[in-house]
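Right, one structure below, let's go through it.
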Amino acid sequence: MPASALQATRDSLAGATAIAEGLSEQVGKALLTGAREAFTSGMHAVAAVSGAIMLVIIVLVVTRLRHLRPIGETQSNQAGSISEVAPGTAKESR
């Protein structure tokens, strides 16, 4: 197999498919099986790393941005939820 064909099979699944078409059935099938397994293995690794990175980002966002008010919530809304009556003007209950 020429070096350029060997490099094409290593570079992409499409390259391996193109080269496998020109080989005998048994060798082409073996090449495609290996290429597909390598591609799937790589995709699993990328998905796992991406998931781990997303979890780290979620934890950082929750821990670092906890003190910020949600969008649309104003200072008066936040103060109103704590106490409706200003200090010193409390009503007496009888």
Side-chain angles (χ1 to χ4, degrees):
M1 184 181 299
S4 62
L6 186 59
Q7 187 62 37
T9 62
R10 291 181 180 162
D11 286 343
S12 69
L13 185 57
T17 302
I19 299 301
E21 289 176 356
L23 300 174
S24 68
E25 185 178 342
Q26 186 178 7
V27 175
K29 193 172 188 176
L31 176 63
L32 281 178
T33 300
R36 286 180 183 138
E37 287 176 3
F39 179 79
T40 304
S41 168
M43 289 298 291
H44 287 162
V46 168
V49 170
S50 298
I53 290 171
M54 286 187 347
L55 286 175
V56 168
I57 290 171
I58 289 169
V59 168
L60 286 174
V61 166
V62 168
T63 58
R64 300 292 181 173
L65 302 179
R66 185 179 305 165
H67 66 281
L68 296 178
R69 291 186 307 273
I71 294 174
E73 184 177 319
T74 61
Q75 185 70 15
S76 61
N77 288 348
Q78 188 178 16
S81 65
I82 296 172
S83 173
E84 292 294 328
V85 181
T89 60
K91 296 180 182 177
E92 292 182 22
S93 61
R94 293 184 191 204

Please list every donor-acceptor pair under 3.5 Å in which a side-chain atom of residues 22-29 meets a protein atom from a residue at least two apart or in another chain.
none

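- Cluster partners of F39, using a side-chain heavy-atom cutoff of under 4.5 Å among ILVMFWY residues and allowing indirect links, are L13, M43.
- Think of V61 as one node in a network of Ile, Leu, Val, Met, Phe, Trp and Tyr side chains linked at under 4.5 Å; its network also takes in V49, I53, I57, L65, L68.
- Put simply, CG on L31 and CZ on R36 are 10.0 Å apart, with the number rounded to the nearest 0.5 Å.
- Other cluster members for V46: none, since no ILVMFWY side-chain heavy atom sits under 4.5 Å from it.
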